Amino acid sequence: MAERDTDIHIELRGVRKSFGPKTVLDGIDLKVRRRSSLVIIGGSGSGKSVMLKCIIGLLHPDGGQVLIDGEDTTNLKGRDRDRVMSRFGMLFQSAALFDSLPVWENVAFGLIQGRGVSRRKARDIAIEKLAQVGLGSEVGDLYPAELSGGMQKRVGLARAIAASPEIILFDEPTTGLDPIMGAIIDELIVSTVRDVGATAISITHDMASARRIADEVAMIYHGKIIWHGSIDEIDHSGNPYVDQFIHGRAEGPIRMSVLKE
Amino acid sequence: MNPLAQIGRVVLHLLAEAGRLSLFLRDAVFMGLLPRWYIRQMAIQFVRIGYNSLPVVGLTAFFTGGVLALQIYIGGTRFNAESLVSSIVALGITRELGPVLAGLMVAGRVSAAIAAEIGTMKVTEQIDALVTLSTNPMKYLVGPRIVAGVVTLPLLVVIADIIGIMGGYIVGIHSLGFNSGAYLKNTVDFLEFKDVTSGLIKSAVFGFIIALMGCYHGFHSRGGAQGVGRATTNAVVSASILILAANYVMTSLLFSE
């Protein structure tokens with residue numbers, strides 16, 4: 001296990017977010033230790049994605065604070081926001097590759113556009129990052145539409161780590177993949193996060209995946225964190241919500257809302 | 001259903017839409033058009049919006065010029081004014097039909113394409129991905145399209161003017177029996193510089209409207225394939241209506257002497 005640094009890398013204090021009349025985040029408090037891997041579990045529509053987007057700054061919380069290294073980033077704009085953003089990498093659920101650009105340019109995008117690295121040098125780095133996620137250099141000239149779902153996830157992962165971020169966010173990394181490809185992606189996530197030395201936050205409802213990538217697990221329900229502990233404790237959490245979720249029981253205290261609203 | 005509630009809902013909806021559009025317009029101008037500039041993206045959009053619209057705009061102008069010559073000839077014979085065909089074709093094309101028809105054709109082609117592309121990027125989280133890679137979507141996506149629209153539309157209209165007048169000329173010479181030299185002399189003699197420039201000014205505004213509507217509806221699309229389809233339709237309809245409305249306003253301003 002990596003060394004456990006006690007200082008807090010990311011902290012959420014009372015983060016709230018509503019869309020119209022629907023409250024999605026109802027006061028989230030969370031601390032994430034440096035270089036740890038936190039997995040947030042919760043049902044569909046429980047606010048996992050919204051929370052992730054509030055952390056990285058794609059969404060602006062209605063209330064509360066998001067602190068990165070103790071700095072309140074909630075209301076940053078312009079250049080300050082760019083500075084904070086450049087510390088993040090994110091792997092999107094659908095990979096969200098730019099389909100008008102070849103694979104290598106996808107991976108190198110943040111380097112070329114964000115950091116002004118020359119195209120030739122960025123291409124070399126991109127090929128290197130593709131190798132890191134197990135893809136050959138010939139893949140670099142293909143377009144995203146020519147790749148399978150698993151390969152797109154790998155390219156998305158290569159893009160997320162291309163600029164050596166301190167914090168990497170994973171939005172349902174195994175959703176839509178077969179179980180074997182899911183396990184391979186999980187392994188890649190664990191190894192790349194360790195190589196880059198980053199703090200990782202993942203959201204998932206796939207418990208097998210959560211057990212593979214998590215040091216710690218937090219469960220979100222009705223816009224609040226209802227349980228937070230290490231992955232070893234999750235089977236003895238004593239929390240009926242967590243028990244129902246990790247065993248995937250239809251009966252229990254959790255009531256699923258069917259409508260997305 | 002209470003009819004007053006219905007009216008109120010429509011009014012609120014319109015106000016909200018106007019507010020969203022104003023905010024988007026502000027961001028598009030103050031973020032999208034200020035540096036940094038993505039030159040490569042701009043070049044791509046020049047080709048897509050301008051160069052690739054040449055066939056559509058050229059064909060439209062050609063047939064419009066031809067049909068204009070025929071109609072004016074038919075009308076003109078009733079007043080023994082056939083000799084005016086060439087100058088009226090030139091005036092009609094440069095002042096109105098060139099810019100407006102080119103604008104409408106490009107709106108159909110380009111607004112739809114922009115809305116579909118940006119809408120798809122929106123619903124597949126590619127726009128979020130841009131932001132996480134420290135790239136401002138207003139600068140990367142909207143700015144280049146607006147610049148390309150404003151610059152290429154006048155260029156397209158210059159070509160439409162030439163081809164439209166040529167269409168009238170061909171019909172005039174081959175079907176209506178005009179003398180080639182006299183037809184051309186009448187065209188050149190009666191055409192003023194202002195006729196052409198006013199059309200070009202209008203077309204630059206149309207180019208802005210086309211790109212803005214495509215981007216706006218793309219950015220505000222949601223709900224998967226259906227949402228993108230709706231955004232595409234809305235982009236074309238709103239761009240076309242705004243072009244016609246702006247055309248009236250600008251014509252009355254430009255020609256009030």
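We name chains A, B, ... by the order of the sequence lines, and we start the count at 1 in each one. Computed over heavy atoms, backbone and side chain alike; hydrogens, waters and symmetry mates excluded. Note that the structure is a prediction, hence the values are computed from the model and not measured.
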Colleague: A:D82 and B:S134: side-chain hydrogen bond (donor to acceptor under 3.5 Å, both in side chains), yes or no, with the steps?
Modeller: CA-CA 6 Å; A:D82 285 348; B:S134 301; 5.2 Å; no

Colleague: Given heavy-atom pairs under 4.5 angstrom as the criterion, report whether the side chain, backbone, both or neither of A:L111 touches chain B.
Modeller: neither

Colleague: Please output the residues of residues 16-49 of chain B in contact with chain A, using a heavy-atom cutoff of under 4.5 Å, in numerical order.
Modeller: B:R36, B:Y38, B:R40

Colleague: Please classify the contact of A:L101 with chain B as side chain, backbone, both or neither, using a heavy-atom distance under 4.5 Å.
Modeller: side chain

Colleague: Is there a side-chain hydrogen bond (donor to acceptor under 3.5 Å, both in side chains) between B:T251 and B:K202 once you walk through the steps?
Modeller: CA-CA 8 Å; B:T251 306; B:K202 285 190 202 177; 3.0 Å; yes

Colleague: Could you give me the CA-CA distance, side-chain angles and deciding distance for B:R109 and B:S53, then say whether side-chain hydrogen bond (donor to acceptor under 3.5 Å, both in side chains) is met?
Modeller: CA-CA 8 Å; B:R109 240 196 109 247; B:S53 296; 2.6 Å; yes

Colleague: Please state whether the side chain, the backbone, both or neither of A:D171 comes within less than 4.5 Å of a heavy atom of chain B.
Modeller: side chain

Colleague: Have a look at A:F98 and tell me which of A:Y143, A:F109, A:F92 forms a ring-ring contact (aromatic ring centres under 6.0 Å, His included) with it.
Modeller: A:F109

Colleague: Please step through side-chain contact (heavy atoms from CB on, under 4.5 Å) for the pair B:L244 and B:L104, ending with a clear verdict.
Modeller: CA-CA 9 Å; B:L244 294 172; B:L104 290 177; 4.2 Å; yes

Colleague: For B:T132, which atoms come within 4.5 Å of any heavy atom of chain A: side chain, backbone, both, or neither?
Modeller: both

Colleague: Testing the 3.5 Å rule here: is there a donor-acceptor pair between the side chains of A:H60 and A:T74?
Modeller: no

Colleague: Examine the side chains of A:D206 and A:T204 and answer whether a donor and an acceptor come within less than 3.5 Å of each other.
Modeller: no

Colleague: Does OH in B:Y51 sit with more than 12 non-hydrogen atoms of other residues, nucleotides or ligands closer than 6.0 Å?
Modeller: no

